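Some notes on the structure that comes next.
None of the values given here were measured: they were computed from a predicted structure.
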There are 2 protein chains.
Amino acid sequence: MNSSSLEAVFANGISQSRSIRYRESIYAAIKEAILSGKLLPNQPLVEEQLAASLNVSRTPVREALTILAHENFIGPQGGRGLYVRSLSRQEFVDIFVANEAVEPYLARRAALLASEEQLADIAEALDRGDACAAALDTAGFLRASRDFHGRVGTAAGNTPLAGFVLSNEERTDMYLLNYGKVVNGEQMEISNNEHRAILGALKNRDPEAAQRLAIVHAQSLRERFAELFQPLAEE
Amino acid sequence: MNSSSLEAVFANGISQSRSIRYRESIYAAIKEAILSGKLLPNQPLVEEQLAASLNVSRTPVREALTILAHENFIGPQGGRGLYVRSLSRQEFVDIFVANEAVEPYLARRAALLASEEQLADIAEALDRGDACAAALDTAGFLRASRDFHGRVGTAAGNTPLAGFVLSNEERTDMYLLNYGKVVNGEQMEISNNEHRAILGALKNRDPEAAQRLAIVHAQSLRERFAELFQPLAEE
DNA sequence: TGCATGTGTTTTGTATACAAGTATACGATG
DNA sequence: CATCGTATACTTGTATACAAAACACATGCA
């Protein structure tokens with residue numbers, strides 16, 4: 001019953017090139033399905049069904065699930081089985097606050113350290129965000145925005161912090177994609193403009209402005225998505 | 001040849017109570033062995049040897065190793081096998097900088113939010129640090145210090161940030177334990193005093209002081225362990 | 001001697017088999 | 001009709017078996 005829906009989700013299968021570990025492809029496939037909204041929160045992940053959909057055995061599926069569970073994308077829910085995790089409002093806010101605390105620092109450092117190539121990478125993510133906003137492609141926009149923030153982090157030259165921020169973005173994006181109808185065309189455009197301002201500061205090698213604009217961006221998000229931050233109304 | 005040494009490392013075996021997942025105990029046992037210095041950097045982790053030492057099959061060992069590898073405590077090194085990872089100087093500095101960027105914020109929040117029970121937990125870690133410093137027990141001191149920082153993070157009420165900081169502490173402590181002869185009795189005492197000052201600010205509910213003292217502590221560490229930062233001196 | 005190659009061994013990656021735990025359906029009982 | 005208990009089916013956790021990759025060593029050849 002669910003098997004068919006999973007086969008739809010993983011219609012392409014995974015790259016069966018023998019020299020690449022299945023675990024990696026399976027991990028990427030499931031994570032991608034979650035981040036793109038093809039696997040919804042609270043959906044059960046049955047090892048055998050996943051294995052059948054992907055034409056592999058349970059073993060590599062288990063290892064992929066182990067990692068995803070450790071990253072909190074999926075988790076137990078009751079006694080048996082793993083499910084796509086649904087972030088609570090509190091978790092969403094905590095993760096947002098975490099990035100709010102870290103990203104201004106990364107923007108400042110990126111203004112000092114970003115290479116020309118890295119600036120081009122960041123600009124690419126920005127352009128992609130514009131295109132997705134125009135097409136009202138929310139999932140695509142979220143990925144572009146995620147790439148933007150992730151690449152700013154990378155340009156700041158601190159791998160642990162950059163990884164932390166990116167992983168947080170992935171999880172909040174999952175929340176926004178599934179729960180918030182809040183990400184509409186106007187919101188995307190505003191975010192893109194704020195991103196553009198940050199990139200401008202990076203290009204000008206102006207760390208103070210970059211830091212300030214990152215703070216402004218976070219505050220703007222808080223105001224525009226205020227409903228998500230209101231003290232635990234429901235759920 | 002390593003089999004015997006591994007059996008020494010895991011002499012106690014793992015808790016064999018059937019209702020607890022082996023994976024968890026194995027994960028904890030290996031991580032503990034790494035953090036306490038019983039497993040040294042670059043030491044190979046052979047699944048079958050670990051399984052034999054722990055009296056389980058390879059399967060749960062593999063899952064524990066998968067998680068540890070994902071957390072970067074262990075990793076591939078060449079073509080085959082997993083090894084205890086040795087942090088490069090650059091990685092050590094990056095992780096230190098990451099915590100330097102985050103911990104002042106957590107100290108500030110903890111001053112506002114810590115419960116009396118949490119303050120007592122923090123004090124307990126501090127007392128333990130004193131005892132270990134007096135006994136020149138470096139590994140014990142590092143754990144106590146780690147607990148101190150971790151509990152301050154917990155008290156700040158942001159799970160993702162607290163987990164990030166704790167995981168970073170674990171990795172830098174591993175570095176200090178194995179590479180630095182720098183953690184001597186005097187250094188431990190100084191750190192404990194700085195920790196005590198931070199705890200005082202938390203008890204006084206003085207967020208500004210807590211934040212400032214956390215920054216002071218980080219700067220003090222940079223100066224006292226300057227040799228670890230030398231080749232990369234920045235800022 | 002030095003290098004290439006082949007063979008045997010070790011170790012991992014994947015698949016499968018089996019055991020144990022959990023949920024569900026169904027009937028018995030009040 | 002509701003509730004409980006038991007049987008049954010399903011899913012996971014662990015063990016084992018097998019295949020493929022990586023390493024080590026030896027041998028052959030220039």
Out of dT14(D), dT11(D), dA17(D), which has the shortest distance to the side chain of Thr59(B)?
dT14(D)
Using the closest heavy atom to pick a nucleotide of DNA chain C for each, name whichever of Gly78(A) or Ser57(A) lands nearer the 5' end.
Ser57(A)
Rounded to whole Å, please give me the gap between CD in Glu24(B) and P in dT14(D).
9 Å
Taking all non-hydrogen atoms of both residues into account, name the closest pair between Leu142(A) and Asp173(A) and its distance.
O-OD2, 3.1 Å
Between Leu54(B) (CG) and dA15(D) (P), how many Å, whole number?
11 Å
Do the side-chain N and O atoms of Arg171(B) and Asn72(B) include a donor-acceptor pair separated by under 3.5 angstrom?
no
Go nucleotide by nucleotide along DNA chain C from the 5' end; which of Gly79(A) and Pro60(A) gets its closest nucleotide reached first?
Pro60(A)
Do NZ/NE/NH1/NH2 and the carboxylate oxygens of Arg58(A) and Glu48(A) come within less than 4.0 Å?
no
Could you list, one pair per line, each protein nitrogen or oxygen that sits under 3.5 Å from a nitrogen or oxygen of nucleotides 3-10 of chain C, together with the distance?
| from | atom 1 | to | atom 2 | distance (Å) |
| --- | --- | --- | --- | --- |
| dT10(C) | O2 | Arg80(B) | NH1 | 2.4 |

Tell me the interatomic distance from Glu48(B), atom CD, to dT12(C), atom P, rounded to whole angstroms.
8 Å
Grab the CG-C1' distance between Leu82(B) and dA22(D) for me, whole Å please.
14 Å
Glu170(A) side chain reached by Lys31(A) side chain, heavy atoms, under 4.5 Å:
yes
Grab the CD-P distance between Gln49(A) and dT11(D) for me, whole Å please.
6 Å
Quickly work out the Glu47(A) CD to dA15(C) C1' distance and round it to whole Å.
14 Å
With Phe73(A) via ring-ring contact (aromatic ring centres under 6.0 Å, His included) - residues at least two apart:
none
Find the distance Arg23(A):CZ to dA15(C):C1' and express it as a whole number of Å.
15 Å
For dG13(D) and Arg62(A) - does any side-chain N or O of the residue sit under 4.0 Å from the phosphate oxygens OP1/OP2?
yes
In whole angstroms, the gap separating P of dT11(D) from CG of Leu45(A) amounts to 13 Å
Reckon Glu63(B) touches a base, only the sugar-phosphate, or nothing at all at heavy-atom distances under 4.0 Å?
nothing
Report yes if the distance between the aromatic ring centroids of Phe96(B) and Phe229(B) is under 6.0 Å, otherwise no.
yes
Under 3.5 Å, side-chain donor or acceptor atoms of residues 152-167 of chain B against the rest of the protein: list the pairs with distances, not counting sequence neighbours.
| from | atom 1 | to | atom 2 | distance (Å) |
| --- | --- | --- | --- | --- |
| Thr154(B) | OG1 | Gly150(B) | O | 3.0 |
| Asn158(B) | OD1 | Leu161(B) | N | 3.1 |
| Asn158(B) | ND2 | Asp94(A) | O | 2.9 |

